[in-house]
There are 2 protein chains.
Amino acid sequence: MAITIKDVAKAANVAPSTVSRVISDSRHISEKTKKKVRQVMNELGYHTNLNARGLVQQSTKTLGVVLKYSESDAWKLGNLFVSEVLQGISAHCQQHGYSIMITTGSTEEEIYKDVGRMVQGKQVDGIIVLYAKKNDKVVPFLLEKAIPFSVVGKPMERMNEIMFVDNDNMQAAKDATEFLIHRNHSRIGFIGDNPTFQVIQDRVEGYYKALEEHGIRRDASYVKFVHTPEEEGAVVEEFLIMEAKPTALVISTPLQGVGVLKALHKRGVHVPDEISLVVFNKTLITEMSIPVLTSIDTEAFQLGYEASRGVVELINNPDTFKRSVIIPAKIEPRESHRKLTKDNSSVINVTME
Amino acid sequence: MAITIKDVAKAANVAPSTVSRVISDSRHISEKTKKKVRQVMNELGYHTNLNARGLVQQSTKTLGVVLKYSESDAWKLGNLFVSEVLQGISAHCQQHGYSIMITTGSTEEEIYKDVGRMVQGKQVDGIIVLYAKKNDKVVPFLLEKAIPFSVVGKPMERMNEIMFVDNDNMQAAKDATEFLIHRNHSRIGFIGDNPTFQVIQDRVEGYYKALEEHGIRRDASYVKFVHTPEEEGAVVEEFLIMEAKPTALVISTPLQGVGVLKALHKRGVHVPDEISLVVFNKTLITEMSIPVLTSIDTEAFQLGYEASRGVVELINNPDTFKRSVIIPAKIEPRESHRKLTKDNSSVINVTME
DNA sequence: CAAAATAAAGCAAACGTTTGCATGAAATTT
DNA sequence: AAATTTCATGCAAACGTTTGCTTTATTTTG
């Protein structure tokens, strides 16, 4: 059995309570005793049993992180994003002495159970949810139990009762589209995945908004959704056979971006000479591809960091205003886009900035 | 305050101990009482306080995972590998009712502290270390404290006191090299990162072994190490100016693989027509590149799963034999290699299988 | 110099479980 | 029918802390 506070007390000839107060550096203990007790603690190799402390303090200084339900390849994609978010959470937790417990479930039901265990089993003081989706049971559960939590992403409902951290996806898509418009593109396509996700809808909206503000007619045939992996080929095909085919595409995930790149490559269409690509989420994938993809950096690390900050604030003061943080996304110009000449002709001479 | 076992006991008109035994489904309790107590538990919404249980049972059913020290981009690389390992651990933990706590530290010192807290604070029953490196303080600490733990990777020392899970890197490199030899390559280069890592040394050895067994003279000028990121260009250059330049390369990380691919691309050298590439670690990166890289799948998920299995066994029976598990690596033929004709001439006509 | 204020440390209850042992009732054996 | 075994439950101690209250010793104050 390990050394307990009582062992230390006995060896130092003081009461257990005194040892406890030395640990918390209480000012009710004389420096002399502190010194003595600390010495004994070192000699004996004492370490606080956090279970016991957690029991009496009703707090474990641990945050639970709910990892997204991993369906097929969406997970692999999320992977890079998720681990960067996780790093942000880690960084903040480290700074504030919190531990991190993650869910292990791989199905929706398992994850829900994990959360129940963490929360009701008092294993964690708060929860970070990565991230919001519809028909989700976790968020309503946390709301009902009045657990401090924050969400990375935009909650589907009850937004003002929930603390969340997200990008302004509409704005980001608008920026991306304008980025292309400013480079004289006017026939700009959009490729997204599942349009039932709020994030995709926001992005489509931002895309349309940019077009409209620049006097370009919105045309639904320029907006395509890829539902199954590897379907990019078909979508690219559809674009290429169009009479007025797009000179640029805004694409909503790195994986799709690479898929599109491949499909174009296979058909001998050169990027960026013949078509420009801008992709959401700057990740290793976008940076590693040939050509390097111009992307929209969603600052995953920062998202995680802020989410963690949010919960911890909520833990320390449950009445904290449930603010939502919007992390600005930033265009990272790389090699997959080019500037067209004013008359939109297909100049082969690449004009990059 | 939440519902406790005592509240349930009172409401069900039994003793707390009875409730406890109902929870553990003890056979000393009659079905009738069980039914009654369970009903009350549901009505009241009772959930075990795992802190309290942990305290008395001296076990938390939680595993600590020590994430690799994240230096520069090595971390980003590890990222994909690490998260796949993590998924393997998750899967096993889920099956066996274990929770996962991860380290949050980003420096060696912070990580060491994290481990101390987890272990001495009795937050976890065991530890999984990802992964072995020299001058590591964590493994010696765990050995000294006699904590159940396993390592993903090959420990530097005291190997037979430690349970670890790894690939046979020598064999894998030999297989990869032979894979190329069987396709009539004889001038095969090797690119690795930091040669002070055991894993790299093993791979070089396997590479040499394959050559020797097939009567190809080992030549140190065919073996290059890339120490800083983005240095692949220089190395590729060195290879290309060689009189007898290699027709194939074995490369030790996906990131380097893509780096090499880029460098070759920039110099107009076509893969696989002019040079074949085989890369260690099948990841999203290798699968997404153009061309898709022929890789050596190190089965990261499986590594994690087995590591988890190991610790749990050790927890349940501390005298378990400290076996080490070798997960076979498997070549995944893709698009970055080709078969040469017998006479080694540079046939442009691609002959893939 | 007595009274009051302050400082330092100890006592004991509490946190919510689990579990060895004791108890009493019912069922089985002799 | 008494003695024994089995079954179901309760009692109370433990797990290792923290913390409100009390006690004792010391210092300050009037």
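Note on naming: letters A, B, ... go to the chains in the order of the sequence lines (proteins, then strands), and numbering restarts at 1 for each one.
Regarding N13(B), its CG atom lies at a distance of 12 Å from the C1' atom of dT9(D), rounded to whole Å. Rounded to whole Å, atom P of dG16(C) lies 9 Å from atom NZ of K122(A). Atom C1' of nucleotide dC15(D) and atom CG of N49(B) are separated by 13 Å, given to the nearest angstrom. Between the CG atom of L50(B) and the P atom of dT17(C) there is a distance of 9 Å, given to the nearest Å. Summarising the geometry, the separation between CD on E31(B) and P on dT9(D) is reported as 10 Å, rounded to the nearest angstrom. With rounding to whole Å, H28(B) atom NE2 is found 10 Å from dG20(C) atom P. Distance I3(A) CD1 to dC15(D) P: 14 Å, rounded to the nearest Å. Atom pair I29(A):CD1 and dT6(C):P shows a separation of 19 Å (rounding to whole Å applied).
With the nearest nucleotide of DNA chain D identified for both Y46(A) and V14(B), V14(B) has the one nearer the 5' end. Taking for each of H47(B) and R21(B) the nucleotide of DNA chain C with the nearest heavy atom, the 5'-most of the two is the partner of H47(B).
Contact annotation: T48(B) side-chain N/O to dT17(C) OP1/OP2 distance is not under 4.0 Å. Remark: Q58(B) is in phosphate contact with dG16(D), judged by side-chain N or O atoms under 4.0 Å from OP1 or OP2. For dT19(D), the OP1/OP2 oxygens have a side-chain nitrogen or oxygen of Q57(A) closer than 4.0 Å. Proximity of S20(A) to the phosphate of dT18(D): a side-chain N or O atom is located under 4.0 Å from OP1 or OP2. For dG10(D), the OP1/OP2 oxygens have no side-chain nitrogen or oxygen of S17(B) closer than 4.0 Å.
In this structure, K34(B) places its NZ atom where more than 12 heavy-atom neighbours from other residues, nucleotides or ligands lie under 6.0 Å away.
Nearest to the side chain of V56(B), among dG10(C), dC15(D), dA9(C), sits dC15(D).
A donor-acceptor contact under 3.5 Å is not formed by the side chain of R53(A) with the base of dG16(C).
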Any chance you could lay out the side chain to side chain donor-acceptor pair (under 3.5 Å) test for T33(B) and S30(B), step after step, and finish with the verdict?
CA-CA 5 Å; T33(B) 333; S30(B) 69; 2.5 Å; yes

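Heavy atoms of K6(B) sit under 4.0 angstrom from at least one base atom. Using a 4.0 Å heavy-atom distance criterion, D7(B) is classed as making no nucleic acid contact. Contacts of T33(B) with the nucleic acid, taken as non-hydrogen atoms under 4.0 Å apart, involve only primed sugar atoms and P, OP1 or OP2.
Side-chain polar atoms of Y305(A) and Q95(A) form a donor-acceptor pair below 3.5 angstrom.
Taking 4.0 Å as the cut-off between side-chain N and carboxylate O, K137(A) and E109(A) count as a salt-bridged pair.
H92(A) contributes atom NE2, which lies 11.5 Å from atom OG1 of T104(B) (distance to the nearest 0.5 angstrom).
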